[in-house]
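Notes follow the structure.
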Amino acid sequence: YTISLDDLDSQIRVTYTPVRSDGAVGTTESFVTDVIMAGPPVASNVRVEGDLLENCTVEGFADYKGGRRGDCKARWYVRESNGAERLVADSSSYLIKTADWRNRLKFEFTPVRDDGAAGEPVFLVTEAVAAGQPAFLTVSAVSAASPGAGASSSASSPSGRAQQHEVGKTLTCETEYVGGEPGNHEFKWQARSGSNTEFAD
């Protein structure tokens, strides 16, 4: 018989009857165990699922045993090329950042029983994070006064409404990039009047 979680804080009774090879049956008796106690919390089979690419989410898992599972602890670290580790998340999942590129990730899992008892942490170190597909997560156009034309203006007004772009100001693209080491990004500016549907170079 394999003890299960349902048996915690209970006693097990085994009833046994001896039988001889010729079929003769002896007296049936029984034995009652001590109260079943929870074992120490132990984690095993730690693993990570998901693509090790920038801007992708990975999730860590581990098998648990040792009584009823409590609030187990999960942490993510970035292991840099010099061996230093940097804590980046206190959760089972982690969204990989551009700064993590070429570094390894470490997932650490600490088993915790429902009464607060904690076991030894287990961990897994991944392969190095690879560069994702080059992309801009955000792009915005910001206008500023040309040199000598006065102070620059912000991308939006204090009321939160879109900024009014004016003649004489310089438009600049502000971006949030992912995809490994940035190269020479390509930008193309085109204009159209209010009555036209096509943009002209």
Side-chain angles (χ1 to χ4, degrees), residues 1-17 29-140 174-183 185:
Y1 178 78
T2 301
I3 299 173
S4 69
L5 281 176
D6 294 335
D7 299 325
L8 282 177
D9 302 320
S10 303
Q11 292 178 289
I12 304 297
R13 183 178 70 180
V14 55
T15 300
Y16 50 93
T17 303
E29 298 184 17
S30 63
F31 173 79
V32 177
T33 69
D34 294 332
V35 175
I36 304 300
M37 307 294 291
V42 175
S44 61
N45 191 29
V46 61
R47 57 204 182 274
V48 169
E49 296 181 3
D51 294 326
L52 291 170
L53 298 172
E54 292 175 84
N55 205 38
C56 288
T57 298
V58 287
E59 189 164 5
F61 302 90
D63 295 338
Y64 173 89
K65 69 175 182 179
R68 296 184 179 91
R69 179 169 176 157
D71 186 17
C72 297
K73 307 299 182 184
R75 286 184 169 184
W76 286 94
Y77 298 84
V78 171
R79 178 173 289 185
E80 299 175 346
S81 56
N82 61 3
E85 292 184 350
R86 173 169 45 92
L87 177 65
V88 292
D90 281 309
S91 62
S92 61
S93 61
Y94 175 61
L95 176 62
I96 300 174
K97 309 297 190 299
T98 299
D100 304 331
W101 178 48
R102 291 179 174 172
N103 293 322
R104 297 173 183 266
L105 302 180
K106 174 183 170 182
F107 173 67
E108 182 183 85
F109 182 89
T110 302
V112 179
R113 206 167 54 202
D114 64 345
D115 61 0
E120 291 294 324
V122 294
F123 66 88
L124 182 147
V125 178
T126 70
E127 297 296 326
V129 171
Q133 183 72 16
F136 290 134
L137 297 181
T138 60
V139 179
S140 59
E174 292 187 348
T175 63
E176 182 183 358
Y177 169 82
V178 295
E181 185 175 356
H185 303 315

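Side-chain atoms are counted along with the backbone in the values below, which use heavy atoms only and exclude waters and symmetry mates. Remember, it's a predicted structure, so these values are computed and weren't measured experimentally.
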Would D7 and Y1 count as having a side-chain donor-acceptor pair, cut-off 3.5 Å? yes

Is the backbone of [Y] close enough, under 3.5 Å, to the side chain of [X] for a donor and an acceptor to pair up by distance?
| X | Y | result |
| --- | --- | --- |
| D115 | A117 | yes |
| T126 | L105 | yes |
| Y64 | G66 | yes |
| R75 | V88 | no |

Residue pair [X] / [Y]: nearest heavy atoms and the distance that separates them:
| X | Y | value |
| --- | --- | --- |
| F109 | C72 | CZ-CB, 3.5 Å |
| N103 | R79 | CB-O, 3.5 Å |
| D51 | C56 | O-CB, 3.5 Å |
| P111 | P41 | CG-O, 3.8 Å |
| G50 | V58 | C-CG1, 3.9 Å |
| L52 | I96 | CA-CD1, 3.9 Å |

Under the side-chain contact (heavy atoms from CB on, under 4.5 Å) rule, what do V129 and L53 come out as? Steps first, then yes or no, please. CA-CA 6 Å; V129 171; L53 298 172; 5.9 Å; no

I12 versus V32: any side-chain heavy-atom pair under 4.5 Å? no

State, yes or no, whether a side-chain contact exists between Y16 and E29 at a heavy-atom distance under 4.5 Å. yes

Before you tell me yes or no, could you show the steps for S92 and F61 under side-chain contact (heavy atoms from CB on, under 4.5 Å), namely the whole-Å CA-CA distance, both residues' side-chain angles and the distance that decides it to 0.1 Å? CA-CA 7 Å; S92 61; F61 302 90; over 6 Å; no

Salt bridge (charged side-chain N to carboxylate O under 4.0 Å, His left out) contacts in which one or both residues fall within residues 103-112, not counting sequence neighbours: E85-K106, R104-E127

Point-to-point distance, once rounded to the nearest 0.5 Å, from [atom1] of [X] to [atom2] of [Y]:
| X | Y | atom1 | atom2 | result |
| --- | --- | --- | --- | --- |
| S4 | I36 | OG | CD1 | 9.5 Å |
| Y94 | D100 | OH | CG | 3.5 Å |
| D114 | R68 | CG | CZ | 6.5 Å |

Please report the C-alpha distance between E59 and T57 in whole Å, then the side-chain angles of each, then the deciding distance to 0.1 Å, and finally whether the side-chain contact (heavy atoms from CB on, under 4.5 Å) criterion is met. CA-CA 7 Å; E59 189 164 5; T57 298; 5.7 Å; no

Can you list the steps and then say if R69 with R113 is a side-chain contact (heavy atoms from CB on, under 4.5 Å)? CA-CA 5 Å; R69 179 169 176 157; R113 206 167 54 202; over 6 Å; no

For residues 33-45, which residue pairs qualify under side-chain hydrogen bond (donor to acceptor under 3.5 Å, both in side chains), counting only residues two or more places apart or in two chains? N45-D63

Residues two or more places apart in sequence or in another chain: which of them pass ring pair (Phe, Tyr, Trp, His ring centres under 6.0 Å) with F107? W76

